[in-house]
Amino acid sequence: MNIEIVRNYCLSKPLATEDSAFGPDGILFRVYNKIFAYLDLQRPDLVVLKCAPDYAIELRDKYNGIRGAWHWNKKYWNEVYFETDVPDQLIFELIDHSLNEVLKKLPKRLQNEYATLKATH
């Protein structure tokens with residue numbers, strides 16, 4: 001796994017956008033203007049992803065390559081390191097999980113709109 005693969009996967013999601021709102025050293029990925037992933041260009045060996053709180057703890061206990069995200073709310077955000085004990089397939093699943101965590105907080109109208117887009121994507 002590497003930063004380019006993660007970037008491309010994030011951008012493959014319907015309505016996904018990228019920006020550098022935190023400055024030129026990082027890339028935020030959003031849907032409906034809500035962050036679901038972050039790549040720090042100064043630390044290109046990891047991605048920051050949103051996670052359900054109980055699942056976040058479970059993942060941190062199981063994998064050395066998953067930690068509470070530095071400078072993020074550690075209850076909800078994990079740093080997931082590439083080239084560690086975290087399988088590539090799990091990283092893709094965690095990106096999807098992060099996106100779903102963001103989507104489920106949106107109004108039902110937007111959730112339904114996204115589901116329709118996803119089905120046709």
Side-chain angles (χ1 to χ4, degrees):
M1 186 62 59
N2 65 51
I3 195 170
E4 274 303 311
I5 293 170
V6 169
R7 177 180 177 267
N8 290 334
Y9 189 74
C10 289
L11 289 175
S12 76
K13 301 302 172 186
L15 301 180
T17 62
E18 67 180 337
D19 65 73
S20 296
F22 293 170
D25 293 335
I27 303 169
L28 293 165
F29 298 92
R30 304 174 190 251
V31 290
Y32 295 108
N33 207 31
K34 302 293 183 188
I35 300 167
F36 72 93
Y38 175 72
L39 290 170
D40 186 334
L41 300 176
Q42 299 300 312
R43 300 167 65 202
D45 60 334
L46 65 93
V47 61
V48 176
L49 299 168
K50 191 165 191 176
C51 193
D54 291 341
Y55 189 37
I57 292 167
E58 179 184 323
L59 290 165
R60 292 175 202 163
D61 288 345
K62 185 171 183 179
Y63 297 98
N64 292 326
I66 299 179
R67 302 179 193 138
W70 186 61
H71 282 302
W72 295 72
N73 184 333
K74 290 168 184 52
K75 180 176 180 181
Y76 298 103
W77 293 90
N78 282 332
E79 293 177 345
V80 180
Y81 288 81
F82 313 141
E83 306 305 320
T84 63
D85 61 337
V86 182
D88 289 355
Q89 184 57 41
L90 179 59
I91 294 173
F92 293 131
E93 291 170 13
L94 292 175
I95 292 168
D96 293 342
H97 174 75
S98 180
L99 178 58
N100 288 331
E101 286 296 295
V102 168
L103 291 170
K104 76 181 189 183
K105 301 287 186 190
L106 294 173
K108 290 289 182 201
R109 178 183 61 80
L110 294 178
Q111 290 179 35
N112 293 337
E113 177 183 285
Y114 194 85
T116 301
L117 282 170
K118 188 176 173 183
T120 61
H121 191 258

Examine the side chains of Glu113 and Tyr32 and answer whether a donor and an acceptor come within less than 3.5 Å of each other.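 Short answer, yes.
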Do the rings of Tyr55 and His97 sit parallel, tilted or perpendicular, given the 30° and 60° boundaries? perpendicular
I need the full list of salt bridge (charged side-chain N to carboxylate O under 4.0 Å, His left out) pairs touching residues 28-38, with sequence neighbours left out, sorted by first then second residue. Asp19-Arg30
Qualifying salt bridge (charged side-chain N to carboxylate O under 4.0 Å, His left out) pairs with a residue from residues 40-51, counting only residues at least two apart or across chains: Arg43-Glu79
Should [X] and [Y] be counted in the same cluster of Ile, Leu, Val, Met, Phe, Trp and Tyr side chains packed under 4.5 Å apart?
| X | Y | result |
| --- | --- | --- |
| Phe92 | Leu103 | yes |
| Ile3 | Met1 | yes |
| Val6 | Phe22 | no |
| Val102 | Leu110 | yes |

Who pairs with Glu93 by salt bridge (Lys or Arg N to Asp or Glu O under 4.0 Å), at least two apart in sequence or on another chain? none
Between [X] and [Y] (side chain of the first, backbone of the second, donor and acceptor by atom type, cut-off under 3.5 Å), is there such a pair?
| X | Y | result |
| --- | --- | --- |
| Ser12 | Tyr9 | yes |
| Tyr114 | Pro14 | yes |
| Ser20 | Gly26 | yes |

Is [Y] close to [X] at the side-chain level, that is, under 4.5 Å between some pair of heavy atoms?
| X | Y | answer |
| --- | --- | --- |
| Tyr76 | Cys51 | no |
| Phe36 | Ile95 | yes |
| Leu94 | Leu59 | yes |
| Leu39 | Phe29 | yes |
| Val47 | Phe82 | yes |
| Ile27 | Leu41 | yes |

Test salt bridge (charged side-chain N to carboxylate O under 4.0 Å, His left out) applied to Lys62 and Asp85, step by step: CA-CA 9 Å; Lys62 185 171 183 179; Asp85 61 337; over 6 Å; no
Test of ring centre spacing under 6.0 Å for Tyr38 and Trp72: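 Between Tyr38 and Trp72, the centre distance is under 6.0 Å.
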Please say which of Asn78, Leu46, Asp61 ends up in a side chain to side chain contact (heavy atoms under 4.5 Å, CB included) with Ile66. Asn78
Measuring from [X]:[atom1] to [Y]:[atom2], what's the distance to the nearest 0.5 Å?
| X | Y | atom1 | atom2 | answer |
| --- | --- | --- | --- | --- |
| Asn112 | Leu117 | CG | CG | 11.0 Å |
| Gln89 | Ile91 | CD | CD1 | 10.0 Å |
| Asp96 | Leu49 | CG | CG | 10.0 Å |
| Arg7 | Asn2 | CZ | CG | 12.0 Å |

Quick check: closest heavy atoms across Glu18 and Leu11, and the distance to 0.1 Å?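 Shortest heavy-atom contact: OE2-CD1, 3.8 Å.
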Can you see which heavy atom on Cys10 is nearest to which on Ala16, and at what distance? O-CB, 3.2 Å
